[in-house]
Amino acid sequence: MNTTIRIKLSVMMFLEFFIWGAWFVTLGTFLGNNLKASGSETAAVFSTQSWGAIIAPFIIGLIADRYFNAEKILGVLHLAGAFLMYQMYQSADVGTFYVYVLSYMVLYMPTLALVNSVAFNQMNDPEKEFANIRVWGTIGWILAGLSISFLFHWDSTEAVSNGLLKNTFLLAGIAALVLGLLSFTLPKTPPKVSEGKIKISDIIGLDALKLLKDKNFLIFFISSILICIPLAFYYQNAHPFLTAAGVENPTGKMAIGQISEALFLLFIPVFFARFGFKKTILVGMLAWAVRYVLFAYGNGDDLSFMLIIGIALHGICYDFFFVSGQIYTNSKAGEKYKSAAQGLITLATYGIGMLIGFAVAGWITDNYKTVEGAINWQMVWIIPAGIAFAVFLIFALLFQDKNKTVNKI
């Protein structure tokens, strides 16, 4: 891979995740303050991510893999996304905003796979080369958060009350426009499949259902869905909570989670080698419970360190469960079902699990109030902490890590 292509791919990854980080982190606060959305309305908006994840495989499987170059589809989707971002910026009510955000997520979620396809197509040794390209995506997300807090100051108490968080959609829209135009200059990535009958079971991973006959994989599969319920609480409520708690520069401080995620990726191989899959994933599950207890009993004043620690635990929460789960799935599936199995797990977690999680989080937010009528944040965090700990116990008691399959990786 020459230097020019490497730079283009790095910029592609940077913008791909800069776009997401520029608006999604602050979305909950924007909905509550600018559009006066209820908990259930906020949940519906966040659920568009799940619907996008469910629909994405069909766009990739039915269109991108068969008829058009990946980089061209990437360009069209991001140009359309830039237009939708501008419409979201102009929206004055939740109903109108929902239509645009749903349309946007249906277009954006497939681009996550497309940028990987474009990158992989230029690599001779993806295992060694991909991480150096993908890390720019994490950097993009981090810089988006830092920009909102420390450059534009849109998440300050005064700015939030003045409705300036809507500017995040302009920021994301400009980045989407740039990436849309850049995409047409990326290396050609032709369709992978030119002929053959389309099988829906291949697209959404139904062939991998055979793996559920394995008791351990079934327990892992169910646990993956259940752990996404507390995960949804973080995406939906963390920023509004930090804002309400009076934490300064909450968006920038939430970027600590992405820094943690990048760092803890390095520890995954070490944990697998020393402790095996079960203990590694249990650490990830327990971290969710611990972080929410820290959120429940911390505050924005003398106990603000508890909130920062809770944010910093994101690396363990995400990497030790989701990344290790992907590795475990890969090892259990074998060559025949690798792609199908990953698709099935993605559908189960970001699709089914997160849909349930957002709905539960919205209901909890609407129904647990203080005497003054404000959101009872302590209960908002204690409940998902309890759910995460229950999943931890279920997995610890029922999953048997007998053959240590993943230790061979």
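No option in Y86, F97, F83 other than F97 meets the ring pair (Phe, Tyr, Trp, His ring centres under 6.0 Å) test with F169. Considering F275, F392, F267, F271 in turn, F271 is the only one that fulfils the ring pair (Phe, Tyr, Trp, His ring centres under 6.0 Å) rule with F320. Checking F399, Y328, F322 one by one against F220, the ring pair (Phe, Tyr, Trp, His ring centres under 6.0 Å) holds for a single residue, Y328. Of the residues listed (T243, D155, T26), the one engaging T251 in a side chain to side chain donor-acceptor pair (under 3.5 Å) is D155, and it is the only one.
The environment of CD in E248 is sparse: at most 12 heavy-atom neighbours from other residues, nucleotides or ligands sit within 6.0 Å. Within a 6.0 Å sphere centred on CZ of F120, heavy atoms belonging to other residues, nucleotides or ligands number more than 12. Within 6.0 Å of CH2 in W136 there are 12 or fewer heavy atoms belonging to other residues, nucleotides or ligands. Open room surrounds CZ on F389; 12 or fewer heavy atoms of other groups in view lie less than 6.0 Å from it.
Using a distance-only test at 3.5 Å, with no hydrogens or angles considered, a donor-acceptor pair links the side chain of N299 to the main chain of L303. The backbone N or O of S38 sits less than 3.5 Å from a side-chain atom of E41, completing a donor-acceptor pair. At distances below 3.5 Å, not a single donor-acceptor pair connects side-chain atoms of N69 with backbone N or O atoms of K72.
Using a 30° and 60° split on the angle between ring planes, W288 and Y292 fall in the tilted class, from 30° to 60°.
When every heavy atom of G173 is checked against every heavy atom of A82, the shortest pair comes out as O-CB, 3.5 Å.
With a 4.5 Å cut-off on side-chain heavy atoms, V380 and F241 do not count as touching.
Distance check: K332 NZ to F277 CZ gives 10.0 Å after rounding to the nearest 0.5 Å.
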